[in-house]
Amino acid sequence: MCQSGVEGARGETQRSPPATCCMSKVYEDPDVTGKNRYKYFERPFLPFSQQMPLNVVLASTKIQPYTFPPTSTKYPPITSKYTVGTQTDYRDSEAQTDPYSPEYVVCQESVPELLTLATLTWGRGLPAGQAEVEMIERAREKRAWEATLPSLSDISQFEKRRRMMNEMERKEWAFREQEIEKLQEIRLEVLKELLKKRDKNQNEVNMKRLNAQWSKLQEAKEAKLAKIQRKHVSAIRKLVGKRKNVEGKLERRNIIKDYSDYASQVYGPLSRLGRFPDNNSEDFVVKNHDLNTYEGLVELESCLPEFVTQPRIRSPKPKVITTKAGFLKRAARMDHELAEVHKTLLDKKNKVLEPKKPLLFLQKKPVPQPRLPTPTLEMSSNEEEDIEMAVLYLQKLLRGRVIQNMMFEGKEKRLELIQELRTTHALQEDEKLVRKAEKQVILALQRQRNLHENKVLLVENHLAGLEGRALADMFDFLSKELVRLQEERRIHAFAMLADRQRRMREAEESGRRQVEQRRLREEDEIFKEVVKVHQSTIASYLEDIILNTEENTAEEQARAEIEKMAKEINDIAYEMESRRSQLQSEEIVAELVYSFLIPEVQKDFVKEKVRNAQRKHILAAHQIIHRHTEVMLEKNFAEQQGDEVSDADKLLKEEPQNEKDS
C-alpha cells in the first residue's frame, strides 16, 4: 500500500510542469504524515494485459529450488581446500566465542528446513527458547498452508485462494495483536518494578536523611546536656568549696594529711589546676631489645615452656540442659533414655552366665500348643466342575455385554461424526445427487455474498478516499494554522525578549551613568575637601604664628611690667621694713596665719562631715543593689536551666512527630 502511495505521489510530481527547461525535475515532498496521508490508504490497481483478481496479484510466488547439474564421473573432483586437525592446550570456551558451524552441501531437489533458521545466531535466538520454538512452529504451519493454496493457473479457485489468504491475514493480525499486548504487559511490569525501585530508593534516602537529622539533633542535645552537667558540677563544686570555708579563714597546708590520703592533689593532681601528669610519659616506656627485634622474640619463645607454645585443649564436659523450672528438656530426656537403653544392652551383651542353682521348690512345666492341621484339597465331582465352568462362562458373557454397552454408548456419543464419515465415504447415488444440489446452492449463495461484499468494499473504499481527502484538507489547514500560531508566538517571544534585553541594557546604561555621576560628585567633594584642608592648614599655620608672636610679646611686656612692679614693691617693702615696729610685724604674721591656716582647717572639717553624712546613704544603696542583683542572678540561672530542659523535651517530642509526618 505504501508503494502505491509513493507511485501516486511520483506520478503527481511528474505530471506537474517544470519551472524551467534547463533545471532538473523537482519532486514534491511526499508529506506522508501530513496532507498526502490519504494517498497511502488506497489499494494498488496495477494494469495488466488481462484482468486478474486482487488476491492473485498479491499472492506470494513460490520459489522453485535450484537444481544442480549432475557431476561428471569421468574425472574425480579436485578440492582446493583441505581441513587439517590441530591440537590445542586451551579449552574451546577460551579459544572461540561462537559455537562452530561446519560447512554443508545441499542435496539436489531438496530445501532443508534448517536453512530457514539461518537468521538465528548465537546470542540472537540461539540457544532456542520458547519464543523461537513457537516461531519455528508458525513457520512450519505457514509452509504447510502455502502448500495447500490453490495454484494460480486454476481460474476457478481464485475465490477460494482469496478467502484463504484473508483468513490467514486475519490470523496474523490477531497474532500480532496478542504479541503487542504481551509486550505492553511486559513493559507495564517493568515500569511497575522501576516505580517500586524508585519508591524504595526514595524511602531509603528519606530514612537516611531523617536518621542523619535525628543523630544531629541527638548530638546537639547530648552536647547541651553535657554542657549543663559541667555547669552543674562546677557550680556544686564552688558551693561545696564555699561551705567548707564559710568564715573565710586561711588554713595552712597539712603535708602529712596530703601524703597519707592517696586521693589528694599530691598523688592525683587535677588538670584544671594546670597539672598534667601524663607529660613526658614516654620516658617511662619500657624499651627492650628482645621485644623489638625478631631475634629477641625467637630467643624468648625458645625460653618459654612447651605448654605455652603448644596448648592442649580438653573437650568440655556436656552440661545438663534444664529448663527454668528445673526440669530436663525433651531432647536431654531423650538422650538420657537412649543412654540408659544402650547401657542396659551392653550389660546384657557382656553379662556372664551364672551357674544354675539347684531348685528349692517344684516348678510347673509348660505344655506346648498343638500344631495346626495341614490343609488338604478335596477332589470334586463332575457336576461341580460343570457348575463352575457354567459360572465362568456366565462371567465372560456379562463382561462381553458390558463392553458392548460401552461401545454402544460411545457410538451414540459420536453418532454425528460417524454420519459425517459415512456421508464422505460411502453415500448412495441419491444422497450424492442431493449433496451435489446442496453444494451448488451453497456455492451460488457464496458467490452472491462475495459479489455483495465486493460491492460494499468498493463503496467503502470510495467513501474512505473521500473521507481521507476531506480529513487531509482539514489536517493540512489545521497544521498550517498551528505553524502560523507557533510562528506568531515565536515572533511575540522574540519581541518580548528584545524588549527585555533593551530594558536590561537601558537599566545597565542608567546604572553606569549613575555610577559615573556619583564618581564625579565624589571627585568634586574630594577636591573641595582637599582645598578646604589646604586652606585650613594655612589658616591654622598663620594663626599659630600670630598667637605665638602675641604670646611672646605679651610675655615680654608682662615680664617688663612685673619687674617694674617688683622693683616698686621692693622699694615700698624696704621702706616699710625700715619704718615698722615689733607690734606691726606680729600683726602681719597673725593676719597671714588667719588667712591661710584657719580656712584650710575649716575646709577639711566640712569635707569630713559631708563624707560621714554620705557614707550611710552609700552603704544602704550598696546593700539594696547587691541584694537585688543576687536575687536576679539566681532567677536568671534557674530560668536558663528550665529553658534548656524545656528545649530538650521539645526536641524529644518533635522527633516522633516528624517521623509520623514523614
Side-chain angles (χ1 to χ4, degrees), residues 91-94 127-130 133 185-186 188-219 221-222 225 291 294 297-377 651-653 655-662:
R91 294 175 59 188
D92 291 342
S93 61
E94 298 173 355
Q130 185 177 0
V133 172
E185 290 177 358
I186 291 168
L188 284 174
E189 292 296 329
V190 172
L191 186 60
K192 287 180 182 178
E193 292 295 330
L194 290 174
L195 289 173
K196 288 180 182 178
K197 191 174 181 181
R198 189 188 68 178
D199 295 340
K200 185 179 179 182
N201 294 333
Q202 189 66 31
N203 292 331
E204 289 179 357
V205 170
N206 293 334
M207 287 300 296
K208 287 181 181 178
R209 192 178 298 144
L210 289 173
N211 291 334
Q213 188 68 19
W214 182 81
S215 61
K216 192 184 293 182
L217 294 174
Q218 199 73 13
E219 289 176 359
K221 187 184 93 173
E222 290 177 357
L225 291 175
L291 297 177
Y294 177 72
L297 290 173
V298 171
E299 187 177 355
L300 284 175
E301 188 177 355
S302 63
C303 297
L304 292 174
E306 186 179 358
F307 68 88
V308 177
T309 57
Q310 297 178 358
R312 297 176 182 175
I313 300 171
R314 295 180 180 178
S315 60
K317 294 181 180 180
K319 296 181 180 179
V320 179
I321 302 170
T322 57
T323 58
K324 293 182 179 179
F327 298 101
L328 284 174
K329 292 185 177 180
R330 184 179 295 174
R333 195 183 304 116
M334 184 90 55
D335 294 339
H336 185 65
E337 291 176 357
L338 290 173
E340 288 182 352
V341 171
H342 182 65
K343 187 177 179 182
T344 53
L345 291 173
L346 289 176
D347 292 340
K348 287 182 178 180
K349 186 177 180 180
N350 300 327
K351 187 176 181 182
V352 181
L353 295 174
E354 296 179 356
K356 292 184 178 181
K357 295 180 180 179
L359 296 174
L360 297 177
F361 303 100
L362 294 174
Q363 291 183 359
K364 185 179 179 181
K365 285 186 177 182
V367 179
Q369 294 181 358
R371 188 176 180 182
L372 294 174
T374 304
T376 56
L377 181 62
L651 289 172
L652 291 172
K653 290 178 180 179
E655 286 172 1
Q657 189 68 26
N658 293 331
E659 291 179 357
K660 290 179 181 179
D661 295 338
S662 63

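Here the structure is a predicted model, which is why all the values come from computation and not from measurement.
The neighbour count for Glu306 CD, taken as heavy atoms of other residues, nucleotides or ligands under 6.0 Å away, does not exceed 12. Heavy atoms of other residues, nucleotides or ligands lying less than 6.0 angstrom from CD of Glu204 number more than 12.
To the nearest 0.5 angstrom, Leu346 atom CG is 10.0 Å from Lys343 atom NZ. The line from CD of Glu299 to OH of Tyr294 is 13.0 Å long, rounded to the nearest 0.5 Å. Rounding to the nearest 0.5 angstrom, the gap separating the CG atom in Leu225 from the CD atom in Gln218 is 9.0 Å. Between Lys348 atom NZ and Leu345 atom CG the span is 7.0 Å, to the nearest 0.5 Å. Distance check: Ile186 CD1 to Leu191 CG gives 13.5 Å after rounding to the nearest 0.5 Å. Rounded to the nearest 0.5 Å, atoms CD (Gln202) and CZ (Arg209) are 7.0 Å apart.
Proximity of Leu304 to Leu300: side-chain heavy atoms (C-beta onward) are nowhere separated by under 4.5 Å. Here the side chains of Leu195 and Arg198 are in contact, with some heavy-atom distance below 4.5 Å. Put simply, the side chain of His342 does not reach to within 4.5 Å of the side chain of Leu338, judged on heavy atoms.
The side-chain hydrogen bond (donor to acceptor under 3.5 Å, both in side chains) search around Glu337 returns none, not counting sequence neighbours.
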